Peer 1: 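Handing you this structure, nothing more for now.
No experiment lies behind these values; they were computed from the predicted model shown. Keep in mind that the numbers below use all heavy atoms, side chains included, and drop hydrogens, waters and symmetry copies. Counting starts at 1 for both ligands and their atoms, following the listed order.
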Amino acid sequence: MDVKIIETKTPKELPDDSKLGFGRLFSDHMFNMDYNPEQDWHNARIESYAPIIMDPATMVLHYGQTIFEGLKAYRTSNEKIQLFRPDENMARFNRSARLMCIPQIDEAFVLHALKKLVSIDKEWVPRAPETSLYVRPTIIAMDHYLGVRPSNTYRLFIILSPVGAYYPEGFNPVTIWVTDKYVRTVRGGLGEAKTAANYAASLYGAEVAKKAGYTQVLWLDAIEQRYIEEVGTMNILFVINGELVTPPLGGNILAGITRDSVLTLARDWNIPAAERPITIDEVMAAHKDGSLQEIFGSGTAAVISPVSHLAWQDQVLTVGDGGVGPMAQRFYEAITDIQYGRAEDPFGWIVPVDEA
Ligand SMILES: *Cc1c(COP(=O)(O)O)cnc(C)c1O
């Protein structure tokens, strides 16, 4: 299958690199592809960024059968555009698809189309330090039908959004609120899938946390409400007694590519790293005896997000001195240096976007 290209006749004005923010602006083009059982995935095309006109009975609007991915394109100092581990995003897209009863995609083809799209809109990859072009592949259920079952037809689209530096004034630690009242996912549920339902389930708890003065929620397991799972859109890591500890991928949490990159680097640097269940009680006890050194989140948007404060029941704990720990700093620098081509890529994580 080929990607048909219909260039836009109404290019937009490029935004100012210093005013980007996150997820508010979109580039000139988008990729679209449709699915039906007779034709499989077909009609792959890059065309003007435009609204998707939908029948009000379109299934995605009612039953949330949808999945997405998130990755970034980076501009190097010598004007190359590159992606970070995009093959992992494609593989996860298909894992999410399986859980959501969405037909599998040809990972190599969608990655090819994604690169083509980024290449066509390469002027939208910003140049200011630590900025990038966020790439959002999505699949939505398109049947017009009121009744709960998997759809027969789908739309896959990819849109691009230039994004600003996450930490324009340097690393800014976040505060997190641990809840035993609200839950995000449960064993046997959708926690592993990047699907709308998980974010819908997180909204109410996140609002309660915000009202209490915290940036994000840390979710515990839904059954015992003891085991730590993850934060909003980030995985979570702890440094206890020099060891990096993060919850295992047991089905409830998203298999973050940044999380995997951190673990890979830790092993490469001979830092002990364990993927094992960790309870909130263990974290509180480690803080009490002085062995809790750092807490940080990992995800594509922020890369590494140091946690300064953690609130659990009636206690508020300050992590270390409330600043940025040395491990968080080291992982952040190592990963962003690879992403922006400032350092060698010993793990083969970088995929160049060839000129179209
Ligand atoms: C996307 C996401 C992550 C982070 O994954 P990365 O691949 O590192 O960006 C973690 N948790 C949730 C719930 C997510 O949606």
Side-chain angles (χ1 to χ4, degrees), residues 22-23 64 66-74 83-97 99-100 107 111 114 132-139 158 161 163 166 174 176 179 182-186 189-206 209 215-222 227-238 244 246-266 273 275 295-307 328 331-332 334-336 338-339 347 349-351:
F22 191 95
T66 174
I67 55 172
F68 67 92
E69 269 304 323
L71 65 157
K72 285 171 168 178
Y74 307 86
L83 301 165
F84 183 71
R85 309 186 73 184
D87 42 320
E88 297 288 336
N89 292 92
M90 293 299 116
R92 189 171 66 191
F93 209 21
N94 259 341
R95 294 201 302 275
S96 297
L99 261 175
M100 291 302 295
E107 295 172 22
L111 180 53
L114 186 158
S132 57
L133 184 68
Y134 186 75
V135 182
R136 170 54 62 89
T138 305
I139 300 177
I158 305 175
S161 175
V163 299
Y166 208 85
V174 299
I176 57 179
T179 178
Y182 307 104
V183 299
R184 177 185 170 269
T185 68
V186 67
L190 299 172
E192 263 185 310
K194 232 171 157 69
T195 186
N198 291 332
Y199 307 87
S202 76
L203 295 175
Y204 193 83
T215 328
Q216 302 242 23
V217 180
L218 177 61
W219 303 101
L220 300 177
D221 78 279
Y227 294 99
I228 285 167
E229 294 201 328
E230 64 182 319
V231 182
T233 54
M234 293 190 294
N235 296 112
I236 186 98
L237 300 105
F238 300 84
L244 192 64
T246 193
L249 301 177
N252 288 353
I253 68 175
L254 214 276
I257 295 159
T258 320
R259 172 190 180 278
D260 184 74
S261 306
V262 168
L263 290 171
T264 303
L265 285 169
E275 294 172 77
I295 306 179
F296 52 88
S298 70
T300 295
V303 187
I304 298 290
S305 208
V307 174
F331 286 121
Y332 179 80
I335 293 171
T336 54
I338 293 173
Q339 289 169 336
F347 310 103
W349 286 343
I350 292 302
V351 173

Peer 1: Which of these passes side chain to side chain contact (heavy atoms under 4.5 Å, CB included) with Gln216: Val231, Val307, Ile236?
Peer 2: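 For Gln216, the side chain to side chain contact (heavy atoms under 4.5 Å, CB included) test succeeds with only one of Val231, Val307, Ile236, which is Val231.
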Peer 1: Applying a 4.0 Å heavy-atom criterion (strictly less than), which segment of Arg184 is in contact with ligand 1: side chain, backbone, both, or neither?
Peer 2: side chain
Peer 1: Side chain, backbone, both or neither: which applies to Lys194 and ligand 1 if a contact is any heavy-atom pair less than 4.0 Å apart?
Peer 2: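 For Lys194, the contact with ligand 1 is made by the side chain alone.
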Peer 1: Determine the minimum heavy-atom distance between Ile335 and Ser261, stating which atoms define it.
Peer 2: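 Heavy atoms of Ile335 and Ser261 come nearest at CD1-CB, 4.2 Å.
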Peer 1: Among protein heavy atoms, which lies nearest atom 9 (O) of ligand 1, and at what distance?
Peer 2: Thr300 OG1, 2.6 Å
Peer 1: Only heavy atoms of Arg92, strictly under 4.0 Å: list the atoms of ligand 1 that pass.
Peer 2: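 Counting atoms of ligand 1 from 1, those under 4.0 Å from Arg92 are 5 (O), 6 (P), 7 (O).
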Peer 1: Run through Tyr199, Phe93, Tyr134 and flag the one making a ring-ring contact (aromatic ring centres under 6.0 Å, His included) with Phe68.
Peer 2: Tyr199
Peer 1: Do you know which two heavy atoms are closest between Leu254 and Glu192, and how far apart they sit?
Peer 2: CD2-O, 3.3 Å
Peer 1: Is there a donor-acceptor pair closer than 3.5 Å between any side-chain N or O of Arg136 and the backbone N or O of Glu69?
Peer 2: yes
Peer 1: What's the shortest distance from atom 3 (C) of ligand 1 to any protein heavy atom, and which residue and atom give it?
Peer 2: Thr233 O, 3.3 Å
Peer 1: Show which atoms of ligand 1 fall inside a sub-4.0 Å distance from at least one heavy-atom site of Gly256.
Peer 2: 5 (O), 6 (P), 7 (O), 8 (O)
Peer 1: Parallel, tilted or perpendicular, judged at 30° and 60°: which one describes the rings of Phe296 and Phe331?
Peer 2: tilted
Peer 1: Would you find more than 12 non-hydrogen atoms of other residues, nucleotides or ligands less than 6.0 Å from Tyr204 atom OH?
Peer 2: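 It does not: Tyr204 OH has 12 such atoms or fewer within range.
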Peer 1: Tell me the contacting part of Thr258 for ligand 1: side chain, backbone, both, or neither, using a 4.0 Å heavy-atom threshold, strictly below.
Peer 2: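 Looking at Thr258 and ligand 1, atoms from backbone and side chain both fall under 4.0 Å.
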Peer 1: So, is Tyr199 polar-close to ligand 1, with some N/O to N/O distance under 3.5 Å?
Peer 2: yes
Peer 1: Going by the order shown, which atoms of ligand 1 are within less than 4.0 Å of some heavy atom of Gly232?
Peer 2: 13 (C)
Peer 1: Of all the atoms in ligand 1, which lie at a distance below 4.0 Å from a heavy atom belonging to Glu230?
Peer 2: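 Within the 4.0 Å cut-off of Glu230, ligand 1 contributes 10 (C), 11 (N), 12 (C), 13 (C).
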Peer 1: Enumerate the atoms of ligand 1 whose separation from the nearest heavy atom of Ile257 is less than 4.0 angstrom.
Peer 2: 6 (P), 7 (O), 8 (O)
Peer 1: Give the minimum heavy-atom separation between Arg92 and Ile257, together with the two atoms involved.
Peer 2: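 Of all heavy-atom pairs spanning Arg92 and Ile257, the closest is NH1-N, 3.7 Å.
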